[in-house]
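Because only heavy atoms are used, hydrogens play no part in the values below, and waters and symmetry mates are left out as well, while side chains stay in.
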Number of protein chains: 2
Amino acid sequence: MRSIHDPRYHLITAALKEIREKKGLTQDELAANLGKKQSYVSKAEGNERRLDLLELSEWLIGLGITLKDFLQNIGWLSEELSVAVPIKGQASQQGKDVVQKMLLQGKSYDVVLKNVALDKYLEVEEFISNKFLALNEPKNKQKNREAIFEAIEFAVKKLPKLNPSDIYVHLVYRAYIRDYKRTRAEQSWVRAGGEAMEIFVEKHYSKLLAAEGITIKALLSGAEKAKALKEMGLEGVVGDSKLDIALYGTHKGKQVIFGGIHSKASLAERVSDDVPCSVAMMGLGLQSILLTFDAKSYPPPQGNLVTIGEFGTTDNPSDKRHYIESHGSFDVCFSYNLHTYPSKLPTKSGKQIYVSDFGPDDPLPQFIIDGWKAFKAKL
Amino acid sequence: MRSIHDPRYHLITAALKEIREKKGLTQDELAANLGKKQSYVSKAEGNERRLDLLELSEWLIGLGITLKDFLQNIGWLSEELSVAVPIKGQASQQGKDVVQKMLLQGKSYDVVLKNVALDKYLEVEEFISNKFLALNEPKNKQKNREAIFEAIEFAVKKLPKLNPSDIYVHLVYRAYIRDYKRTRAEQSWVRAGGEAMEIFVEKHYSKLLAAEGITIKALLSGAEKAKALKEMGLEGVVGDSKLDIALYGTHKGKQVIFGGIHSKASLAERVSDDVPCSVAMMGLGLQSILLTFDAKSYPPPQGNLVTIGEFGTTDNPSDKRHYIESHGSFDVCFSYNLHTYPSKLPTKSGKQIYVSDFGPDDPLPQFIIDGWKAFKAKL
DNA sequence: ACGACCGGTCG
DNA sequence: GCGACCGGTCG
């Protein structure tokens with residue numbers, strides 16, 4: 001059988017025609033781009049004339065699309081991403097949960113997203129994907145961290161029962177890897193994802209805390225961090241260690257810093273970055289909170305993509321658990337990963353790990369409010 | 001002009017023929033794979049018959065090679081690596097230096113490697129590339145960190161005048177990104193590159209130090225780290241902070257730990273990881289050394305790939321310089337980046353940054369030897 | 001401008 | 001099983 005009659009070949013020409021029409025080009029205009037007659041375009045699109053690779057390549061230049069993108073679009077070139085990414089439109093309801101198919105090196109893996117309705121999930125998937133695809137537009141003006149923040153915010157709002165860590169890792173991070181193309185998505189994620197988390201924490205709690213006279217402020221710039229450290233009396237004391245989010249109360253009409261939040265998507269060894277600053281803060285009677293998505297999931301073939309986190313269990317604790325429960329390097333840790341095991345009381349240090357989502361039972365705001373009350377009493 | 005007469009089209013068919021011959025297939029055998037007659041293969045390879053895209057796709061299946069690999073081979077699908085990687089065979093001598101062309105997103109950038117002879121450079125390039133390509137073999141048994149260590153060792157030996165930081169970044173790291181394919185090269189590099197550095201430090205200095213009764217030992221496992229921390233009396237004192245390389249002296253026939261080396265390819269914020277452990281070590285009279293390649297080079301479009309490092313200048317110091325010169329968080333810092341500015345004496349803390357290569361003038365071994373002598377005197 | 005952000009890896 | 005390794009990013 002000649003290719004020209006092969007339905008698979010027709011997929012190619014149909015795709016070419018679709019792209020041309022989407023770009024608003026007539027056959028005449030495209031032919032002019034290619035330095036050919038209109039009949040060449042017409043015959044090729046109508047499968048009266050075969051295109052070889054060279055002609056296809058030139059055709060695509062005429063259409064302003066790369067060979068790679070075209071081949072990927074028609075599914076001839078497998079995505080070579082080796083980070084697991086969600087396959088759009090490949091989610092299904094299973095009982096109360098949604099099962100999302102993730103693609104990793106040509107293989108598909110199921111990730112179970114608990115307590116999610118499929119229609120809401122698809123709405124979130126669409127919203128997030130559009131946000132991230134929009135970042136690729138040359139005329140895009142939005143900051144990456146803003147787009148990621150909005151993705152998290154939307155997902156948390158629409159899927160309040162879903163594990164926040166799963167939102168961060170599977171819905172937002174993996175979609176970013178899949179859809180963001182302007183620079184190296186993973187390194188861009190490192191840069192922007194962490195800050196988006198800080199912005200989310202600020203925005204999510206600001207209203208509730210404002211009612212108690214408390215201001216929560218993400219410290220995004222070095223200058224802001226330095227200012228907050230100075231206000232705490234920690235300028236130069238902890239090297240130039242850092243604080244991610246500052247907490248202010250209102251006392252005699254003035255804003256007084258009374259604590260802060262160390263925010264980490266995942267801990268790894270990096271949690272020790274924050275320890276000196278945290279210990280110094282606690283030494284000055286300032287509230288020092290560790291907030292984390294405890295976002296660790298091991299990809300296949302080692303793991304199964306479940307966001308198991310890094311704290312281990314209370315019976316078999318990891319080193320990171322010891323930072324809270326044994327060494328008491330922070331006043332408290334809030335993990336927004338429902339797989340994290342909360343502390344079994346009492347702990348050696350008296351400090352504990354809470355596990356929460358961003359719903360009405362979230363103990364973080366009250367912890368901050370209590371902290372401010374205690375701080376104010378001593379002023 | 002019909003494609004069949006286009007020299008660019010001939011490149012395609014020539015590549016197809018070359019692959020067939022490399023695979024040891026005859027025209028007959030390939031034709032059988034394709035379910036065609038031998039004349040089909042013969043005519044297509046001889047440019048008497050055009051191959052369209054679908055035919056090409058099937059042809060490649062018959063050859064057992066993916067479309068993606070084929071397009072990459074003929075250079076139609078640019079490697080989508082957006083880390084700058086050296087283009088093999090694209091180095092040239094310019095005076096005393098070698099200029100290496102680096103590919104980044106389809107554009108070429110020159111990197112100047114000072115005090116290098118082209119023939120030696122090409123020998124190193126070949127050696128390193130072969131090492132890393134060998135890691136891709138299914139039957140490969142060598143650990144990644146071992147291959148990287150050998151790459152560093154070979155390059156340091158053959159190119160003793162070249163900036164060690166350039167060796168690490170431009171010769172080894174970028175070749176790894178280019179050649180290592182089994183897993184995500186960058187994350188694999190993170191895992192294996194850092195440990196390779198530790199192994200190199202151990203191997204490079206062990207002989208010289210052994211002559212003084214000093215043992216230098218890379219602590220590669222958690223158990224080894226924990227053991228060394230315990231020997232120093234720092235078990236549980238610094239959280240579970242870490243030390244990368246331990247230094248032992250011989251006293252009354254026993255091995256006594258008297259210090260250690262914190263090893264970091266680049267510092268970023270991560271240098272603060274090591275500060276608590278370092279400060280605790282110094283408090284116990286143990287020698288605490290920071291050793292770094294100060295390996296930071298900003299890629300285009302922001303930077304120019306020069307390994308400028310992160311210490312800033314003595315007049316315009318970065319925060320990281322303060323860790324040494326102001327806070328004295330380490331006894332000393334040795335930077336193996338010739339672009340690093342050494343400390344201007346005296347420093348506020350009395351501690352200083354040395355800049356060195358791994359040649360005969362390297363001050364590190366003597367610093368360690370002096371440290372052991374001082375420690376032994378107090379035993 | 002130059003800083004801190006984080007996760008796949010593989011031992 | 002589960003830890004620490006590091007560099008492109010982008011504000």
Side-chain angles (χ1 to χ4, degrees), chain A residues 82-84 104 143-146 168-169 173 177 180 182-198 219-223 225-226 240-242 244 263-273 293 295-300 302-303 308-312 316 318-320, chain B residues 82-84 104 143-146 168-169 173 177 180 182-198 219-223 225-226 240-242 244 263-273 293 295-303 308-310 312 316 318-320:
Chain A
S82 42
V83 170
L104 175 59
K143 289 189 176 95
N144 296 21
R145 67 186 183 194
E146 284 289 335
Y168 186 78
V169 174
Y173 164 61
I177 298 301
Y180 180 66
R182 282 236 290 209
T183 52
R184 324 208 57 261
E186 287 164 83
Q187 295 288 47
S188 172
W189 172 258
V190 169
R191 180 66 179 78
E195 289 192 343
M197 176 180 176
E198 296 170 26
L219 308 170
L220 295 174
S221 72
K225 282 176 201 283
D240 300 276
S241 274
K242 66 213 163 308
D244 299 308
S263 150
K264 286 218 171 306
S266 63
L267 303 180
E269 89 289 4
R270 296 170 276 104
V271 68
S272 66
D273 287 3
F293 279 122
K296 187 70 180 178
S297 74
Y298 289 93
Q302 298 97 324
I308 52 168
E310 302 176 76
F311 282 113
N316 191 17
S318 72
D319 285 356
K320 289 131 201 170
Chain B
S82 39
V83 170
L104 175 58
K143 290 189 175 96
N144 296 22
R145 67 187 183 195
E146 283 290 334
Y168 185 78
V169 174
Y173 164 61
I177 298 301
Y180 180 66
R182 280 236 291 207
T183 52
R184 325 208 55 262
E186 286 164 83
Q187 295 288 47
S188 172
W189 172 258
V190 169
R191 179 67 180 78
E195 290 191 343
M197 176 181 175
E198 296 170 27
L219 307 170
L220 295 175
S221 71
K225 283 177 201 282
D240 300 276
S241 274
K242 66 212 163 309
D244 298 309
S263 150
K264 287 217 170 308
S266 63
L267 304 180
E269 89 291 4
R270 296 169 277 103
V271 69
S272 67
D273 287 2
F293 279 122
K296 187 73 182 176
S297 73
Y298 290 93
Q302 298 96 325
I308 52 169
E310 303 176 75
N316 189 18
S318 73
D319 285 355
K320 289 131 202 172

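Base engagement by Tyr298(B) is indicated by at least one non-hydrogen atom pair under 4.0 Å involving a base atom. Using a 4.0 Å heavy-atom criterion, one finds that Asn316(B) contacts no nucleic acid atom at all. Ser221(A) comes within 4.0 angstrom of nothing in the nucleic acid, heavy atoms only.
Nearest-nucleotide mapping onto DNA chain C: of Lys296(B) and Tyr168(A), the residue sitting toward the 5' end is Lys296(B). Along DNA chain D, the nucleotide nearest Glu195(B) and the nucleotide nearest Gly312(A) are compared for position; the residue whose nucleotide lies closer to the 5' end is Gly312(A). Taking for each of Ile308(B) and Ala295(A) the nucleotide of DNA chain C with the nearest heavy atom, the 5'-most of the two is the partner of Ile308(B).
For the pair Asp244(A) (side chain) and Ser263(A) (backbone), a donor-acceptor distance under 3.5 Å is present. In this structure a side-chain-to-backbone donor-acceptor pair under 3.5 Å is present from Glu310(B) to Ala268(B).
Rounded to a whole Å, the CG atom of Asn144(B) is 15 Å from the C1' atom of dC6(D). The distance from atom CE of Met197(B) to atom P of dC6(D) is 7 Å, rounded to the nearest whole Å. Whole-Å rounding puts the Trp189(A) CH2 to dG8(C) P distance at 11 Å. Gln302(B) has its CD atom 17 Å from the P atom of dA4(C), to the nearest Å. Atom CD of Glu146(B) is separated from atom P of dG11(C) by 9 Å (rounded to the nearest Å). Rounded to whole Å, atom P of dC5(C) lies 7 Å from atom CD of Glu198(A).
For Leu104(B) against Ala84(B), the heavy-atom pair with the smallest separation is CD1-N, 3.6 Å.
Tyr168(B) and Phe293(B) have parallel rings, their planes meeting at less than 30° on a 0 to 90° scale where 60° marks the start of perpendicular.
When distances are taken from the side chain of Arg270(A) to each of dA4(D), dC10(C), dC6(C), the shortest belongs to dC6(C). The side chain of Lys320(B) has dG3(C) as its nearest neighbour among dG3(C), dT9(C), dC5(D).
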